[in-house]
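One structure is given below, encoded as structure tokens.
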Amino acid sequence: MPTALSVVCFSDFMTYRTHHCGALRKADSGSRVTLCGWVDSRRDHGGVVFIDLRDRNGITQVVFRPEEHAEAASAAHGLRVEDVVQVSGSVAPRLTGTENTKLATGEIEIVADTLVILNKADVLPFPLDEDSVNEDLRLEHRYLDLRRPAMVRNLTVRHKVVKTTRDYFDRQGFLEIETPVLSKSTPEGAREFLVPSRIFPGSFYALSQSPQQYKQLLMVAGLERYFQIAKCFRDEDPRADRITELTQVDLEASFITQEDIIELIEGLLVEIFREVRGVEIPRPFLRMTYQEAMNRYGSDKPDRRFGLELITLDEVFKASEFKVFRGALDNGGTVKAINAKGFAGITTGQIEGLTELAKQYGAKGLAFIKVENGEWKSPIAKFLTDAEKQALVSELGIEEGDLILFGAGDWETVCNVLGRIRLRVAELQKLITDPNALEFLWVVEFPLLAYNAEEQKWNAVHHPFTRPHADDVALIDAGEYGKVRAQAYDVVLNGVEIGGGSIRIHESDLQAKLFEVLGISPEKQQLLFPHLLKAFRFGAPPHGGVALGVDRLVMLAVGTENIRDVVAFPKNNRGEDLMMSSPTPAEPRQLRELGIQVARKA
RNA sequence: GGAGUCUUAGCUCAAUCGGUUAGAGCGCUGCCCUGUCACGGCAGAGGUUGCGGGUUCGAGCCCCGUAGACUCCGCCA
């Protein structure tokens with residue numbers, strides 16, 4: 001059955017609206033206005049009808065009174081949530097006692113005389129006012145999900161972060177320069193997305209996982225100060241705070257020291273948080289070496305919103321009879337512990353959970369002491385001498401009601417295990433009391449290289465272009481790779497690495513030497529990085545840089561734990577775009593053009 | 001590549017020890033309602049309990065397989 005369509009036409013001489021839905025106040029009373037937006041809710045009393053009208057800027061209540069404007073009121077009875085309408089009327093102070101303090105516009109309402117329905121809406125697949133909705137549904141209908149005020153706010157914060165960044169670097173004399181997205185595949189680093197070349201069948205581009213090499217070459221080019229809001233692509237398995245298509249504030253500068261870069265980035269972060277949170281972050285940020293961060297927090301990205309620090313107990317147990325601790329020390333390892341103050345009441349289930357966590361990160365078990373009623377309740381207490389117990393009391397400040405958790409083994413495993421335990425205990429004890437806390441710090445003096453036992457080779461901790469610490473270059477020649485410190489630095493906020501960078505190698509011979517340590521032969525270097533090694537021969541300035549993760553930064557600024565909440569059109573956990581249904585199989589014709597044959601999945 | 005948790009109405013969830021016709025709130029449909037803002041009242045529709053198999057007199061619940069979701073390990077220079 002054909003239905004009559006009523007088409008509303010607007011001429012160039014008309015305006016859709018005079019105000020946004022968050023604009024009107026008591027002072028506007030009496031003026032005639034026109035608003036456009038979505039029906040956020042409808043309260044139909046049979047006679048008088050109320051509409052909450054929503055646009056990006058806010059919500060305004062519209063009232064339809066049948067005795068004053070019968071036609072508009074009768075049309076309002078038919079409205080449904082999310083219909084798009086235009087309302088004209090006069091601004092009036094609300095009747096005494098009916099003001100709504102929850103709305104910025106809550107002192108007024110629009111007494112409507114005209115209602116134009118611009119477009120009707122079907123019933124939505126999910127409610128917009130509910131927080132816990134199946135994420136697949138939200139992603140499939142992202143254009144609806146983004147109508148929710150929380151999402152509008154997230155995207156607004158993201159915009160402000162990026163705009164503040166551009167303004168800041170512009171003032172600092174940086175040039176925003178775009179680098180290619182279609183790039184060259186490199187063996188180091190993240191798995192890349194490959195893009196086939198039509199003109200060179202069998203050859204592939206790689207989507208840039210970071211502009212690293214381009215920005216260094218911009219320094220060779222003499223651009224001196226470069227930055228970019230760069231899209232990076234990494235085909236790695238997902239996590240809650242990772243995404244395959246990420247955005248970085250990418251930066252590189254010449255004739256610059258680590259100190260200069262730290263100062264520059266602190267200045268940027270101060271401005272960003274002033275702009276989006278209205279807070280003044282104190283400077284300078286705390287500094288900590290990698291060594292200290294691991295020793296005290298068991299992490300290279302310490303969360304300093306709470307204490308619960310790791311205490312080293314090597315001295316206490318170096319001559320102990322307790323085999324587990326003594327054995328770890330005799331093998332060149334360490335013994336550490338944390339004191340969870342007042343957590344002796346931990347349940348058996350929680351202890352089991354912590355033990356499980358410790359095992360997951362490589363511990364054999366989790367020794368503990370509960371101090372209850374003046375007694376040490378512990379499976380290991382009987383192995384400890386009175387002197388050792390006394391030493392523990394003074395080292396750990398043990399008091400009634402405390403829970404002590406131990407780690408023993410090689411240094412890295414112990415740090416890592418207790419670092420994870422520390423975070424979980426803080427969660428269980430609810431130690432983060434201030435939801436607005438912002439604990440920034442720099443972690444410096446990262447190791448340059450780390451040995452990968454599985455691959456039986458040395459890998460770059462940061463990346464292969466990172467400059468060794470000036471004092472440690474001799475250690476490379478001596479083959480003591482594990483002791484070499486890097487001129488690399490991470491900036492950490494509330495236990496999240498929000499950025500990192502390094503001073504780079506700018507000499508071709510030093511770069512070649514590092515490649516060799518990393519197991520990249522001279523022949524392979526010429527195959528993979530000829531441009532870089534060649535460029536360094538023609539007068540490359542000393543340079544360095546840093547990259548900040550925009551997605552993570554915005555997550556922290558808005559306080560969400562889901563990275564997809566700060567991206568307009570994110571892919572799901574498997575890299576699918578549920579709204580557009582990508583990826584999809586290619587047309588046979590496209591594959592033929594590219595010279596590609598798809599092997600059937602076994 | 002591996003581990004854990006989960007999957008019940010459009011949405012969010014419940015269903016006792018394996019026991020009769022799988023419930024609630026919101027939403028939806030219809031009617032009523034003139035100051036609400038979580039409006040209210042009455043009535044109603046809506047289910048292959050992800051899918052497949054098994055155990056049992058009887059399965060949403062137990063077992064096996066499978067698909068999907070989320071989180072984590074590996075991985076992410």
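Below, chain A is the first sequence line, B the second, and so on; all start at residue 1.
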Watson-Crick or G-U wobble partner of B:rC62, both distances under 3.5 Å:
B:rG54

Sugar-phosphate, base or nothing in reach of A:R191, heavy atoms under 4.0 Å:
nothing

Looking at A:E445 and A:R485, is there a salt bridge between them, counting it only when a charged N and a carboxylate O are closer than 4.0 Å?
yes

Closest nucleotide of RNA chain B for A:A240 versus for A:P125: which of these residues is on the 5' side?
A:P125

CG of A:N562 versus P of B:rC70: gap in Å, rounded?
9 Å

To the nearest angstrom, the CG-C1' distance between A:N573 and B:rC76 comes to 14 Å

Sorted by position of nearest nucleotide on RNA chain B, 5' first, the leading residue of A:A190 and A:G97 is A:G97

Pairwise side-chain contact, A:L144 with A:R147, heavy-atom cut-off 4.5 Å (strictly under):
yes

Does A:R564 reach a base, just sugar-phosphate, or nothing at all? Heavy atoms under 4.0 Å.
sugar-phosphate

Which part of the nucleic acid, if any, lies within reach of A:L137 when heavy atoms closer than 4.0 Å are counted: base, sugar-phosphate only, or nothing?
sugar-phosphate

To the side chain of A:D44, which of B:rC75, B:rC70, B:rC33 is closest?
B:rC33

Checking side-chain polar atoms at under 3.5 Å, does A:E356 have a donor or acceptor matched by the opposite partner on A:Q360?
no

Can you find a side-chain donor-acceptor pair between A:T179 and A:Q228 that sits under 3.5 Å?
yes

Grab the CZ-P distance between A:R80 and B:rC28 for me, whole Å please.
8 Å

Measure the distance from CZ on A:R43 to C1' on B:rU36 and round it to the nearest whole Å.
5 Å

Take atom CZ of A:R94 and atom C1' of B:rU34, then tell me their distance rounded to the nearest Å.
16 Å

Scanning all shown strands, the Watson-Crick or wobble mate of B:rU7 with both distances under 3.5 Å is B:rA67

A:F126 on top of B:rC11's base, within under 5.5 Å and under 30°?
no

Give one of base, sugar-phosphate or nothing for A:P464, where a contact means two heavy atoms less than 4.0 Å apart.
base

